[in-house]
Each structure stands twice: as C-alpha cells, then as structure tokens.
There are 2 protein chains.
Amino acid sequence: MDNVEAERQRRQNLNRRFYELRSAVPKISKMDKASLLSDAVTYINELKAKNKELESKLQHVQNLSNCVTHGAAADHYAKANTGMGLVVEVKFVGSEALIRVECPNMMMNHPAARLMDVLRDLQLQIHHASISSVKHLMLHDIVVGVPEQGFMTMEEAMRIAILRRLLSN
Amino acid sequence: MDNVEAERQRRQNLNRRFYELRSAVPKISKMDKASLLSDAVTYINELKAKNKELESKLQHVQNLSNCVTHGAAADHYAKANTGMGLVVEVKFVGSEALIRVECPNMMMNHPAARLMDVLRDLQLQIHHASISSVKHLMLHDIVVGVPEQGFMTMEEAMRIAILRRLLSN
DNA sequence: ATAGACACGTGAGTC
DNA sequence: TGACTCACGTGTCTA
C-alpha cells in the first residue's frame with residue numbers, strides 16, 4: 001500500500017515535534033512521551049504564572065518610579081498626603097545638610113516663610129539659601145548645619161519631619 | 001491478550017495529556033496533534049522571550065529607581081560613567097525647564113563654566129540661575145527656556161544630552 | 001517472565 | 001478520489 005509509507009512519515013513527523021518539544025521544555029521527569037506532555041503543561045503554567053508575577057511587579061515598580069521620576073524625585077509621602085507637588089529632599093554632606101523644597105505657590109501662603117519657620121523650629125542653622133519662583137512653583141535650596149546629634153544618621157527622618165510640619169495645620 | 005487493554009489505557013492516558021496540553025496552549029492553529037505540538041513549542045518560546053524581556057525590563061527599572069531613591073535622585077548614567085556624584089536632573093514646567101546639576105568640585109575645573117558652555121551649545125536660554133558651593137559639591141539650579149521643538153517631549157533626552165557633554169572630554 | 005513504552009501496519013473516518 | 005489524521009491491535013524491546 002501507499003498508506004503505509006504515508007503513515008510512516010506521519011509518525012516520523014510527529015516524533016520530530018516531540019523532540020522539538022523536549023528541547024523546549026527544560027525540566028523533564030522521564031523520557032516518556034506522556035510525562036513529556038504533562039511536563040510541558042506544568043512548564044507552560046509555570047511560565048504563565050511567572051509572567052503574570054513579573055508583569056504586576058513591573059507595573060508596580062513603574063508606578064513607583066513614575067511618581068519619583070515625574071517630579072524629578074517627587075515625594076511619595078507628599079503625593080499621598082496632599083495630592084499636590086510638594087517635594088522635600090534632604091541630603092547630608094559632612095556636617096551640613098542640603099535641603100531642597102519644591103512647593104506649588106497655590107499650596108500655601110508664603111511657602112518660603114513657612115519653610116524658614118519650620119527650620120527654626122527644628123533648630124537647623126541656615127548656611128546658605130537660594131529661593132526662586134518659576135511659574136507656579138517655588139524652589140528652595142538651602143544648606144543648613146546639622147546638630148551634633150539627632151538627624152545625623154537619618155536623612156529620611158529629617159525629611160519626613162520637615163514634610164510633616166509643612167503639611168500640618 | 002492482556003496487552004491490548006494495557007495499550008488501550010496507554011493511548012487513552014496519552015490523549016488525556018494531549019487535551020490538557022490543548023487547554024494550556026491558547027493559540028492553536030489546527031486541532032491536529034502535530035500542529036498542537038509545534039504550537040506548544042512556539043508558545044513556550046514566546047513565553048520564554050516575554051519572560052526574559054520582562055525580567056530585564058524589571059531589573060532595569062529597579063536599577064533606575066534604586067539609583068533615584070538612594071541618592072535622592074542620584075543619576076544612573078553618571079554613576080556608571082564616572083563613579084562619582086555627578087547628578088543632572090531636568091524637569092519641564094510649561095515652556096521652561098528646571099535644570100539641577102550637582103557636581104563634585106574635584107571632578108572638573110570650574111564645573112559652572114563648563115555647564116554654561118554646555119547650555120550655550122544646546123542653545124538653552126538661561127532665565128535664572130543659582131549656583132552655590134558647599135564643601136566639595138557645586139550646586140547649580142538653572143531655569144532655561146526651551147526651544148519650540150526638540151526637547152519639548154523628551155526630558156530624558158535633554159538630561160542625557162547635558163550629561164554626555166559634561167562628561168565628554 | 002512480567003509490565004511499560006514504543007513503532008508498525010491496517011482499517012476507518014474526514015475534507 | 002487521493003491526501004490526511006486517527007485509533008486499534010500486535011510484535012518488540014528494555015528494565
């Protein structure tokens with residue numbers, strides 16, 4: 001018959017696909033065909049799960065970094081609490097601290113004065129200050145001396161302290 | 001024979017696996033077994049590729065956000081290329097752009113002059129500038145007008161452009 | 001020898 | 001009608 005040869009090629013072709021599948025699936029329990037198939041489905045499901053996990057993680061991280069990069073270091077805390085573009089950054093350089101505050105003008109009256117009050121309350125001595133207004137935004141770059149103890153190791157605490165006091169009342 | 005029944009169950013089992021595989025693979029060209037197998041391998045490879053892409057993207061984003069949050073907007077590009085604390089941030093506000101550059105003094109001669117050269121080269125008109133030196137760090141806060149076209153939609157490109165020119169030569 | 005897995009040829013069904 | 005896929009029973013091989 002001609003059928004026998006056709007069937008021969010069909011089996012041969014099918015086995016080729018099996019080998020291809022074997023090469024595509026890394027974890028193979030047994031060289032058995034049935035095992036290969038179930039291994040393939042479990043592997044596919046693993047990939048699907050990992051894919052979903054990665055996608056959600058990526059979206060989460062991208063959301064966070066959007067918050068950060070959008071405002072060039074926009075403050076998550078401020079965003080969460082005010083919904084506006086208040087940004088406070090603190091960075092220590094030796095015994096001094098750089099403080100950078102971005103504040104929308106409409107957010108509060110005389111943000112500069114308010115910031116100075118806060119710094120006074122926190123007993124932070126001002127070494128240098130540069131304040132400018134661009135459009136609706138007030139920019140404050142301030143260099144302060146840091147007290148011998150307290151904030152020395154906690155830039156974040158200091159940042160949060162300034163932020164809370166700015167937002168309170 | 002007893003073999004016939006065993007073989008019957010084996011085929012039956014194998015077909016169950018085939019059906020499971022069918023349910024695991026979303027894109028099926030034909031209901032053919034061979035097609036199913038090749039569809040499975042292509043789908044697996046698609047998942048693998050997407051997985052790698054997501055992983056690298058995630059790592060990339062995580063690296064960026066790590067750099068950003070670690071140094072209060074530290075710059076990945078600068079860190080990678082200089083190993084020092086050069087930081088360039090760009091932020092658009094309407095038709096103006098805020099540029100903030102942190103540069104260690106020992107990194108280059110007169111970083112302010114160099115930065116001005118760069119801004120001139122990029123044809124960015126200076127609206128306001130505040131430059132101060134604290135310890136070993138030079139701080140530049142500059143407000144420039146943005147050309148009608150070009151950087152308007154690409155803060156990042158502008159940031160990178162400034163950074164590259166600062167680092168070149 | 002006993003069980004499990006496979007390839008083979010064959011008949012049957014489909015387009 | 002071929003061209004195609006599939007299920008079946010059978011013989012063979014290995015552990």
Side-chain angles (χ1 to χ4, degrees), chain A residues 1-67 69, chain B residues 1-67 76 80 153-154 156:
Chain A
M1 277 270 188
D2 188 20
N3 196 9
V4 297
E5 182 59 25
E7 177 68 11
R8 208 172 289 175
Q9 285 189 358
R10 174 183 166 272
R11 279 195 297 264
Q12 178 175 341
N13 181 26
L14 237 169
N15 281 335
R16 271 201 291 269
R17 311 297 176 102
F18 268 107
Y19 279 117
E20 292 176 10
L21 185 59
R22 266 183 241 269
S23 65
V25 178
K27 297 289 180 184
I28 294 179
S29 52
K30 290 192 296 183
M31 287 300 277
D32 179 13
K33 280 184 182 178
S35 306
L36 169 63
L37 289 184
S38 53
D39 288 345
V41 303
T42 58
Y43 182 59
I44 285 180
N45 290 332
E46 284 179 7
L47 283 183
K48 281 183 184 174
K50 196 152 200 168
N51 230 321
K52 289 212 172 182
E53 178 197 350
L54 283 179
E55 264 179 2
S56 70
K57 196 176 287 186
L58 180 65
Q59 199 175 9
H60 184 246
V61 171
Q62 276 182 337
N63 280 344
L64 283 185
S65 79
N66 271 346
C67 282
T69 58
Chain B
M1 276 274 191
D2 187 20
N3 197 9
V4 297
E5 182 60 25
E7 177 68 11
R8 204 172 291 176
Q9 284 188 0
R10 174 185 167 269
R11 278 196 298 267
Q12 178 174 339
N13 181 27
L14 236 169
N15 281 334
R16 271 201 292 268
R17 311 298 175 101
F18 267 107
Y19 279 117
E20 292 177 11
L21 185 60
R22 266 183 241 272
S23 64
V25 177
K27 296 289 181 185
I28 292 179
S29 52
K30 290 191 297 182
M31 286 301 277
D32 178 15
K33 280 185 182 178
S35 306
L36 169 62
L37 289 184
S38 54
D39 287 344
V41 303
T42 59
Y43 182 58
I44 286 180
N45 290 332
E46 284 178 6
L47 283 182
K48 280 183 183 174
K50 198 153 200 166
N51 231 322
K52 289 213 173 181
E53 177 196 352
L54 283 179
E55 264 180 1
S56 70
K57 196 175 285 187
L58 181 64
Q59 200 175 10
H60 184 246
V61 171
Q62 278 181 336
N63 280 344
L64 283 185
S65 77
N66 272 345
C67 284
H76 180 48
T153 55
M154 303 194 290
E156 192 62 12

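Lettering follows sequence order; numbering is per chain, from 1. Predicted model, so just to flag it, every value in this text is computed and none were measured.
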On the side chain of B/Glu7, is there an atom forming a donor-acceptor pair with the base of C/dC6 - under 3.5 Å, no angle test? yes
I need the full list of side chain to side chain donor-acceptor pair (under 3.5 Å) pairs touching residues 31-40 of chain B, with sequence neighbours left out, sorted by first then second residue. A/Arg17-B/Ser38, B/Asn15-B/Lys33, B/Ser29-B/Asp39, B/Asp32-B/Ser35
For the residue pair A/Ile28 and A/Arg22, what are the closest heavy atoms and their distance? CD1-O, 3.6 Å
Rounding to an integer number of Å, can you tell me how far [X] [atom1] sits from [N] [atom2]?
{"X": "B/Gln12", "N": "D/dC6", "atom1": "CD", "atom2": "C1'", "answer": "15 Å"}
{"X": "A/Gln9", "N": "D/dC4", "atom1": "CD", "atom2": "P", "answer": "9 Å"}
{"X": "A/Glu5", "N": "D/dC4", "atom1": "CD", "atom2": "C1'", "answer": "15 Å"}
{"X": "B/Arg11", "N": "C/dC8", "atom1": "CZ", "atom2": "P", "answer": "16 Å"}

Applying salt bridge (Lys or Arg N to Asp or Glu O under 4.0 Å), can you list everything that pairs with A/Glu20, at least two apart in sequence or on another chain?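 A/Glu20 satisfies salt bridge (Lys or Arg N to Asp or Glu O under 4.0 Å) with no other residue.
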Residue of the set B/Arg10, B/Arg11, B/Arg16 for which side-chain contact (heavy atoms from CB on, under 4.5 Å) holds with B/Leu14: B/Arg10
For residues 15-39 of chain B, which residues have at least one heavy atom under 4.0 Å from DNA chain D? B/Asn15, B/Asp32, B/Lys33
N/O donor-acceptor pairs under 3.5 Å from side chains in residues 45-53 of chain B, not counting sequence neighbours:
| unit_1 | atom_1 | unit_2 | atom_2 | d |
| --- | --- | --- | --- | --- |
| B/Asn45 | ND2 | B/Val41 | O | 3.3 |
| B/Lys48 | NZ | A/Ala24 | O | 2.9 |

Taking five pairs at each terminus, the helix from C/dT2-D/dA15 to C/dC15-D/dG2 shows an axis bend, to 10°, of 0°
The answer to which of A/Asn13 and B/Arg8 contacts DNA chain D further toward the 5' end, by nearest nucleotide, is A/Asn13
Can you pull every protein N or O that's under 3.5 Å from an N or O on nucleotides 12-14 of chain D?
none

Does B/Arg10 reach a base, just sugar-phosphate, or nothing at all? Heavy atoms under 4.0 Å.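 Since a base atom lies under 4.0 Å of B/Arg10, the category is base.
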Close side-chain approach of A/Leu21 and A/Leu37, heavy atoms under 4.5 Å: yes
